[in-house]
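Heads up, the thing below is written out as structure tokens.
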2 protein chains.
Amino acid sequence: MKIIKVKKGQILQRNGDLNSKVYQVESGLLRSYSIDSKGKEHIYMFAPEGWIITDNVSSDVPADLFIDVLEDSVVIQRDKDEIIVTDTEKLIKRIGVLQKRIIMLMSATAIERYEHFISTYPDIVQRVPQKLIASYLGITPEALSAAKGSRARK
Amino acid sequence: MKIIKVKKGQILQRNGDLNSKVYQVESGLLRSYSIDSKGKEHIYMFAPEGWIITDNVSSDVPADLFIDVLEDSVVIQRDKDEIIVTDTEKLIKRIGVLQKRIIMLMSATAIERYEHFISTYPDIVQRVPQKLIASYLGITPEALSAAKGSRARK
DNA sequence: CAATTACATTAATGTACATTAAGAATTTCT
DNA sequence: AGAAATTCTTAATGTACATTAATGTAATTG
């Protein structure tokens, strides 16, 4: 267990690393994302204060995700094996969030995804550039800009 | 706790129901799915023997998902509150699976998703019609048929 | 086992979003 | 504050997949 201060832009974990760490955000903002075969980034999650972020593949397998720092942050870094999860309640909640996200990705349009996002994470919207939100929603920044435009126009 | 025999086509849970149940599949095959605003089905998961299937929204909220029966099955039905999850390991694994699925939905083409599916769930492919696999992958049956065609042709 | 119903394939047309590119606005840095 | 870099917007063009529809094939059921 180690408390570390990290700076915006710093990369805590790279795709392919042995991923043995779990990060608990005390203050600031982290994100995890993947990079696909065409070099495009896809944000998997944002982690503001109070959140836990890690790569949920088993710890003996190379990481799928990158984890980096969006705002100067203080995080508690722990080894996966030194963690005993007591709060299964929280895990089940997270599964619920992922379930919603999957349904969303399969059925919702660009605008619908955006509206759902701002109502679910209003604070994040203020804190990160729009193109990162687009990346989380699974659309391009241009498409998001256009969607917002057509929404305002009515 | 109740052991029940269910027949193909039977619906165990509907969208909007108070969803207080968890189903453990002893034999057979269940699935969960949502229906979007345009009436389209989107399969969230398949649950063959040994799997647990439920709607992961909190039990005091109406269900997002339908759960129904794809093959005559024997399932153990439990109330959510009578369950104490001991195997957090399993929950974390499931989060890992959902993570992969989300990345997949955001970055992979129709064929890539299909290939990933058949290598991950080779048995399911044999047991359900292709249109259900398409629904799980987030594409139409027509698109899947076309993707398979162009793949074979090289 | 004939009749019905469900499923798969193919092809034509449509559409939401991607891509590319360029200029405007905002933020960051020295 | 001013320069540089990043981000946002707009518009033209492209593309993967959706939709619709028709035909063929396999699976169910009476």
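Chain naming here is simple, since letters A, B, ... match the order of the sequence lines and numbering starts at 1 in each.
A straight line from NZ of K148(B) to C1' of dT9(C) spans 10 Å, rounded to a whole angstrom. Rounding to whole angstrom units, CG of residue D36(B) and P of dA16(C) are separated by 15 Å. The distance from atom CG of L144(B) to atom P of dA18(D) is 10 Å, rounded to the nearest whole Å. Between the CZ atom of R127(B) and the P atom of dA27(D) there is a distance of 17 Å, given to the nearest Å. In this structure, K131(B) atom NZ and dT19(D) atom C1' are separated by 16 Å, rounded to whole Å. Summarising the geometry, the separation between CG on L70(B) and P on dC7(C) is reported as 10 Å, rounded to the nearest angstrom. Taking atom NZ on K38(B) and atom C1' on dA16(C), their separation rounds to 10 Å, with Å as the unit. Per the geometry, CD1 belonging to I139(B) stands 14 Å off P belonging to dA16(D), to the nearest Å.
Residue contacts shown for G138(B) are limited to sugar-phosphate atoms, with no base heavy atom under 4.0 Å away.
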**Asked** Quick one: what's the B/S/- string for nucleotides 22-30 of chain C, heavy-atom cutoff under 4.0 Å, read 5' to 3'?
**Response** ------S--
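Of all the residues in residues 108-126 of chain B, T109(B), A110(B) reach under 4.0 Å from DNA chain D with at least one non-hydrogen atom.
Dashed line: the shortest gap from a side-chain N or O of T140(A) to OP1 or OP2 of dA18(C) is under 4.0 Å.
A search for side-chain contact (heavy atoms from CB on, under 4.5 Å) contacts involving D36(B) returns S107(A), K38(B), K40(B), H42(B), not counting sequence neighbours.
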